[in-house]
2 protein chains.
Amino acid sequence: MLQAHPSGGAGQPNHAAIFAALGDETRLALVAKLSAGQPYSISRLTEGSHITRQAVTKHLRVLEEVGLVRSMRAGRESLFEFNPEPMEEVKEYLDLVSKQWDNALSRLKAFLED
Amino acid sequence: MLQAHPSGGAGQPNHAAIFAALGDETRLALVAKLSAGQPYSISRLTEGSHITRQAVTKHLRVLEEVGLVRSMRAGRESLFEFNPEPMEEVKEYLDLVSKQWDNALSRLKAFLED
DNA sequence: CTAATATGCAATTACTAAGTTGCGTATTAT
DNA sequence: ATAATACGCAACTTAGTAATTGCATATTAG
């Protein structure tokens, strides 16, 4: 059977945690904005949002914990940039699940044609 | 900018909701089991689990709400089967994000080489 | 028919997450 | 130096989620 990764320290892919981080409209919007390439400060990311800076900050920390974004201090502001690795990680996982499903269908088809 | 889908009724892909449904170890395990092809009853899915049947039922309902599984009643048992469409949906979305990121890097590279 | 199996519904508990507010501190601009 | 900007920390409220328990109902097996 397809087995979920045991969850682990940094670098080890915790698929569920990554999905959970993406499972929020606000965070999904942040990822979309940051994946455009440019790093943004927290204030910048809060602009045009209906929620407070603190709320945005919390969401960014969630994204950072699973590695979807990285942050660096630049003077008085803290810049966030997108990091693609966790996303590739879950894409591979979803491909595995899809592949398992396709194989199952193929076997069923072969069985029925026999 | 990459814009999240406005969230909508059935069929309309609510990416965040699908990610949220996948963002739980238990549900991820259920999806993995069901993607092997065979439909399972709730009791069957509860077997070998540390949580109760009711808990499993609730997780299945969450998965069903975003369309990742479908259920049908068969006599006294209710069978759940995997449905790949929402998964394909989010895979496409992740590809879009990845592509946006890659394009951004390409532009940066081109700019630096100029 | 009766017992065992499989499920559904409802109430409850404990925990987590989203969001806010207030306040303090560091950094930059005038 | 002072004011404005950008941020971090902590307490708190509210709402949602995971999971349990108890009980009722439908279905199948003996």
Side-chain angles (χ1 to χ4, degrees), chain A residues 4 6-7 14-34 38-82 86, chain B residues 4 6-7 14-34 38-82 86:
Chain A
S7 127
N14 188 344
H15 297 127
I18 300 173
F19 284 127
L22 293 172
D24 177 283
E25 301 277 4
T26 303
R27 288 194 292 268
L28 213 47
L30 288 172
V31 166
K33 196 167 197 169
L34 292 176
Q38 228 193 347
Y40 283 94
S41 70
I42 297 177
S43 298
R44 223 79 179 55
L45 289 169
T46 304
E47 272 176 20
S49 177
H50 56 293
I51 58 176
T52 63
R53 172 182 57 89
Q54 284 305 322
V56 171
T57 300
K58 285 192 183 178
H59 284 299
L60 287 170
R61 299 298 173 206
V62 171
L63 291 173
E64 191 175 27
E65 269 165 26
V66 299
L68 279 166
V69 304
R70 298 195 168 288
S71 70
M72 43 188 179
R73 198 66 190 248
R76 66 179 155 184
E77 51 189 16
S78 119
L79 299 178
F80 283 79
E81 65 179 2
F82 178 65
Chain B
S7 128
N14 189 343
H15 297 126
I18 299 173
F19 283 128
L22 294 172
D24 177 284
E25 302 276 3
T26 302
R27 288 194 292 268
L28 212 46
L30 287 171
V31 166
K33 196 167 198 169
L34 291 175
Q38 228 194 345
Y40 283 95
S41 71
I42 297 177
S43 297
R44 223 80 178 54
L45 289 170
T46 305
E47 273 176 19
S49 178
H50 57 293
I51 59 177
T52 64
R53 171 183 59 88
Q54 284 305 325
V56 172
T57 300
K58 286 192 182 178
H59 284 299
L60 287 170
R61 299 298 173 206
V62 172
L63 291 173
E64 191 174 28
E65 268 166 25
V66 300
L68 279 166
V69 304
R70 298 195 167 287
S71 71
M72 44 188 179
R73 197 66 189 248
R76 67 179 155 183
E77 51 190 16
S78 117
L79 298 179
F80 284 79
E81 66 179 2
F82 178 63

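Numbers restart at 1 for each chain; the letters A, B, ... are given by sequence-line order, proteins then strands. Bear in mind that the values here come from a model prediction, so they are computed numbers and not experimental data.
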- request: For B:A20, check side-chain contact (heavy atoms from CB on, under 4.5 Å) against everything at least two apart and list the hits.
  value: none
message: Any non-hydrogen side-chain atom of A:L34 less than 4.5 Å from a side-chain atom of A:L68?
response: no
task: Can you sort out the partners of B:R61 under salt bridge (charged side-chain N to carboxylate O under 4.0 Å, His left out), two or more places apart, ordered by chain and number?
output: B:E64
- prompt: According to the salt bridge (Lys or Arg N to Asp or Glu O under 4.0 Å) rule, which pairs have a member within residues 71-80 of chain A, sequence neighbours left out?
  reply: none
message: Between C1' on D:dA18 and CG on B:L30, what's the gap in Å once rounded to a whole number?
response: 13 Å
query: Which value, rounded to the nearest 0.5 Å, describes the distance between B:T57 atom OG1 and B:I51 atom CD1?
result: 9.0 Å
- request: Report the residues that fulfil side-chain contact (heavy atoms from CB on, under 4.5 Å) with B:R44, sequence neighbours left out, ordered by chain and then residue number.
  value: B:Y40, B:S41, B:E47
message: Can you pull out the residues from residues 41-49 of chain B that lie within a 4.0 Å heavy-atom distance of DNA chain C?
response: B:S41, B:I42, B:S43
Please list each protein N or O that sits under 3.5 Å from an N or O in nucleotides 14-16 of chain D, with the distance.
none

query: Is there side-chain contact between A:L60 and A:V56, with at least one heavy-atom pair below 4.5 Å?
result: yes
- prompt: A:P86 versus A:V66: any side-chain heavy-atom pair under 4.5 Å?
  reply: no
- request: Drop me the distance from B:L45's CG to B:T26's OG1, to the nearest 0.5 angstrom.
  value: 12.0 Å
field: Any residue meeting ring-ring contact (aromatic ring centres under 6.0 Å, His included) with A:F82, in chain and number order, not counting sequence neighbours
entry: B:W101
query: Taking all non-hydrogen atoms of both residues, which atom of A:L79 and which atom of A:A74 are closest, and how far apart?
result: CD1-CB, 3.9 Å
message: Using whole Å, what does the distance between atom P of nucleotide C:dA10 and atom CZ of B:R61 come to?
response: 13 Å
- prompt: Which angle, to the nearest 10 degrees, lies between the helix axes at the two ends of the helix from C:dC1-D:dG30 to C:dT30-D:dA1, each defined by five pairs?
  reply: 30°
message: Between P on C:dG8 and CE on B:M72, what's the gap in Å once rounded to a whole number?
response: 14 Å
task: Sequence neighbours left out, what passes ring-ring contact (aromatic ring centres under 6.0 Å, His included) with B:F80? Give chain and number order.
output: none
- request: Take nucleotides 15-30 of chain C nucleotide by nucleotide from the 5' end and write B, S or -, depending on whether a protein heavy atom sits under 4.0 Å from the base, only from the sugar-phosphate, or from neither.
  value: ---SBBB-----BS--
- prompt: Residues in salt bridge (charged side-chain N to carboxylate O under 4.0 Å, His left out) with B:E65, at least two apart?
  reply: none
